[in-house]
Protein chains: 2
Amino acid sequence: MTLIDIPGGSLFGLDNLPYGVFSTPGTEPHVGVRVGESVVDLAAALGDEVFAQPTLNAFMAQGHARWVRVRQQITELVSGDVPDAAVRPVAEVTMHLPIEVADYVDFYASEHHASNLGRLFRPNAEPLMPNWKHLPVGYHGRSGTVVVSGTDVVRPSGQRKVPDEDVPTFGPCRRLDIEAELGFVVGTGSELGTAVPTEDFATRVFGAVLVNDWSARDIQAWEYVPLGPFLGKSFATSISAWVVPLLALEAARVPIPAQAPKPLPYLQEAEPWGLDIDLVVSWNGHEVARPPYREMYWSPAQMLAHMTVNGATSRTGDLYASGTISGPEKDQRGAFIELTWGGKEPVQVGGEQRTFLRDGDEVTITATAPGTNGTRISFGEVNGRILPAAG
Amino acid sequence: MTLIDIPGGSLFGLDNLPYGVFSTPGTEPHVGVRVGESVVDLAAALGDEVFAQPTLNAFMAQGHARWVRVRQQITELVSGDVPDAAVRPVAEVTMHLPIEVADYVDFYASEHHASNLGRLFRPNAEPLMPNWKHLPVGYHGRSGTVVVSGTDVVRPSGQRKVPDEDVPTFGPCRRLDIEAELGFVVGTGSELGTAVPTEDFATRVFGAVLVNDWSARDIQAWEYVPLGPFLGKSFATSISAWVVPLLALEAARVPIPAQAPKPLPYLQEAEPWGLDIDLVVSWNGHEVARPPYREMYWSPAQMLAHMTVNGATSRTGDLYASGTISGPEKDQRGAFIELTWGGKEPVQVGGEQRTFLRDGDEVTITATAPGTNGTRISFGEVNGRILPAAG
């Protein structure tokens, strides 16, 4: 038996307990929970087939009451002796995509980000569109190209046209960017023709992940009118390997910034679902930005209510992301196009002046939030390295 | 044993053989093929577990060579005696969604439709955006709300704002519309980081379906800037129950209209994949439009090549639709917003003057294409009826 060591100040203590899908040599991917620097194999430790699955979906589909019970079970389990066969050092396991992604939606919920992008993409118009403060603007992304942290990202090729060219050319993206976001994973879905009210957020959403929504700015700028981003975003979207349960985020809850005008009734919340989460963006190992999630204009409960208000179904495994997290300060911007103001104001990365991503570059986004009792909890990381464009 | 009767002139003769998923009282949904007015149970007739599945995905994933062999097997089978237990009258079975939809993409491939919508949505600008003739414009839709023909459609509610109102209001859609489209189902996918060339279309795409992309024009007009349609489209997308194999469409192939400027090399086709398919749109039983698919500017092979040129994966069950099919004539427009010019020029529906959909209205889209030997083949129909808004 093993008594799991949780070092003092661990960001993966008993108030975190994020879920993931891992494998070891000779085993198929199955569900584990992270405790300190260990992964506890839940299929082995709890003897439940639902954790022998290669994704969290079957467990998530069991619903909120079950999530509460399992969290309690795990807390008791890892506070005592755990069978040796159920404990692995995190450094020795391979992490996999934790969820089978159903629909993937990307919102645009940061006022600072939307304003900055508006100024950059449409310099001669109001930065925010008239609808922006009335509804959480969002669009569907490609769920098939959601990948787990650590997956290399091949530089996409496509059509690019700079304003002073007459016609587009084809070739590798020249303005490859990141978007530091928080993603929410739906645990239990809703039926066609019904809307999910804001107050159901906490029982329907299972947890949160870090998202890097890699973005090809030159491809996006040329293609996106009038139907929105498509190939500029669909080549890869990376998520963290660990899903932090919503149950671990109670201490992180804060009011969202004041909303004016007051949103329509279906978007109003009885209890606040702002989240006090601090992100850190590192570029080739050098910290370049600290986006604060607490500054987001629209809450995740509002996003879910909006997404389903027309009667669209939601499903186990739906992933919806916040959109780039940017704060009011320059070093709080979660995308390089904002951080470098369209490439015109390079930032210092180690000894170099940089604007967009070069082949071989690596980006890592981490985040922490308040846990209970003055602790902090970690979201792990979402990491990716750029490979050269394909042949 | 049964010798299946195929009436002379049947649109479901041996040159069609569309696949679907059906059930009878007491059986689970499984795969069948339509022959005349009969459904042949392929699980029973061919004794293959892949047809006992509730979707076509497992069969589609077996690949092109297998699709060719099974079509040959079915042709031989239904030309002779078929076991009684494997034959059902089509009127006595319940049809289900034939595919598990992976990613759903909606293109915008009709020049007439894009021009008309441009004139209606942006009256003071060029109707076609500068990118339109360089790439097939498209966006991701919500795969979770793709439903089979015959599913009722609840009128969506959402935010609507007409230009002379200061703020949006919440309520049922006032401008509920259709879009008559053709959809393509990917049988075998492609890996992350690789592109599918136009010449691989015929071996990767399994078949085609009719699509009605129900559209809430007032919700769409308010929400769609700058990230594209979202809730205005995601409440329901209906597809026909029968998937016509691409193998049945050889006689329907025609050149696409001339493309100028010449597309970039990755969008060029060695062989044409225009399709001579005639659609008919009926509103409460009255024919109101005949959209001609042969007029589409971008071909389905070009759409697939574009969708993957950035390295996005494709997967078994991906569905991509053409966008509204509209021809140059007024009665060839496949959406009511075009047919009635934004509601200003009502059309005659039975004894009434109509613009957008009322509760209780029913829309049926059918289509036929040339088969071999001077025959014609049918796509069946995609049908839906409007129910009043929820709540």
Side-chain angles (χ1 to χ4, degrees), chain A residues 102-105 108 118 121-122 129 131 134-135 137-145 147 151 154 156-159 161 167-170 189 192-195 216 219 222-232 234-236 261 264-266 306-307 309-315 318 387 390, chain B residues 102-103 105 108 118 121-122 129 131 134-135 137-145 147 151 154 156-159 161 167-170 189 192-195 216 219 222-232 234-236 261 264-266 306-307 309-315 318 387 390-391:
Chain A
D103 273 301
Y104 166 51
V105 167
Y108 194 50
F121 274 84
R122 299 174 299 276
M129 293 288 183
N131 57 14
H134 292 278
L135 54 85
V137 171
Y139 68 100
H140 288 99
R142 193 160 182 88
S143 36
T145 34
V147 296
T151 305
V154 177
S157 291
Q159 295 196 23
K161 193 179 90 60
V167 293
T169 56
F170 179 84
L192 191 64
T194 65
I219 295 171
W222 169 235
E223 73 170 1
Y224 92 109
V225 285
L227 300 187
F230 184 46
L231 298 188
S234 65
F235 56 95
L264 283 163
Y266 80 92
H306 186 63
M307 191 161 58
V309 75
N310 68 343
T313 57
S314 57
R315 291 183 291 176
D318 279 351
L387 300 187
Chain B
D103 274 300
V105 167
Y108 194 51
F121 274 85
R122 298 175 299 277
M129 292 288 182
N131 57 14
H134 292 277
L135 54 85
V137 171
Y139 67 100
H140 287 100
R142 193 160 182 88
S143 36
T145 33
V147 297
T151 306
V154 177
S157 291
Q159 294 197 24
K161 193 180 90 59
V167 292
T169 56
F170 179 85
L192 191 65
T194 65
I219 294 172
W222 170 233
E223 71 169 3
Y224 92 109
V225 284
L227 301 187
F230 185 45
L231 298 188
S234 66
F235 56 95
L264 282 163
Y266 80 93
H306 185 63
M307 192 161 58
V309 75
N310 67 345
T313 56
S314 58
R315 290 182 292 176
D318 278 352
L387 300 186

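Lettering follows sequence order; numbering is per chain, from 1.
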Original post:
Any chance the rings of Tyr224(A) and Phe230(A) have centres within less than 6.0 Å?
Top reply: no
Subject >> Within-4.5 Å side-chain heavy-atom neighbours: Met129(A) and Val137(A) >> reply: no
Subject >> ring-ring contact (aromatic ring centres under 6.0 Å, His included) between Tyr139(B) and Tyr139(A), intermediate numbers included >> reply: CA-CA 9 Å; Tyr139(B) 67 100; Tyr139(A) 68 100; over 10 Å; no
Original post:
With chain A, which of Glu223(B), Arg122(B), Arg315(B) has the greatest number of heavy-atom pairs at distances under 4.5 Å?
Top reply: Arg315(B)
Original post:
If you take all heavy atoms of His134(B) and Gln159(A), which pair is closest and at what distance?
Top reply: O-NE2, 2.7 Å
Original post:
Tyr104(A) versus chain B, heavy atoms under 4.5 Å apart: side chain, backbone, both or neither?
Top reply: neither
Original post:
Do Pro226(A) and Phe121(B) have side chains that get closer than 4.5 Å, going by heavy atoms?
Top reply: no
Subject >> side chain to side chain contact (heavy atoms under 4.5 Å, CB included) between Met307(A) and Ser314(A), worked out >> reply: CA-CA 8 Å; Met307(A) 191 161 58; Ser314(A) 57; 5.6 Å; no
Original post:
Quick one: of Pro168(A), Gly189(A), Pro261(A), who has the most non-hydrogen atom pairs under 4.5 Å with chain B?
Top reply: Pro168(A)
**OP:** May I ask you to test the His306(B)-Tyr266(B) pair for a side-chain heavy-atom distance under 4.5 Å?
**Re:** yes
Subject >> Atom group of Leu227(B) that falls short of 4.5 Å from chain A, counting heavy atoms >> reply: both
**OP:** Using a cut-off of under 4.5 Å on heavy-atom pairs, state which of Ala390(B), Ser143(B), Gly158(B) scores highest against chain A.
**Re:** Ser143(B)
Original post:
Any donor and acceptor pair, going by atom type alone, linking the side chain of Asp103(B) with main-chain N or O of Gly144(A) inside 3.5 Å?
Top reply: yes
**OP:** Measure distances from Leu264(B) to the heavy atoms of chain A and classify the residue's part below 4.5 Å as side chain, backbone, both or neither.
**Re:** side chain
**OP:** Could you have a look at Gly138(A), Gly193(A), Pro229(A) and say which one has the most heavy-atom pairs with chain B under 4.5 angstrom?
**Re:** Gly138(A)
Original post:
Would you call Phe170(B) and Pro265(A) a side-chain contact if the rule is heavy atoms closer than 4.5 Å?
Top reply: no
Subject >> Greatest number of heavy atom pairs closer than 4.5 Å to chain A - which of Leu231(B), Val309(B), Leu387(B) >> reply: Leu231(B)
Subject >> Proximal component of Leu192(A), with respect to chain B [non-hydrogen, under 4.5 Å] >> reply: side chain
**OP:** Could you tell me which of Ala102(B), Gly141(B), Pro156(B), Gly311(B) has the largest number of non-hydrogen atom pairs under 4.5 Å with chain A?
**Re:** Gly141(B)
Original post:
Which residue out of Asp318(B), Thr194(B), Val105(B), Thr145(B) racks up the most heavy-atom pairs below 4.5 Å with chain A?
Top reply: Thr145(B)
**OP:** Flag the one option from Asn310(A), Val154(A), Thr313(A) with the top tally of heavy-atom pairs under 4.5 Å to chain B.
**Re:** Asn310(A)
Subject >> Proximal component of Tyr108(B), with respect to chain A [non-hydrogen, under 4.5 Å] >> reply: side chain
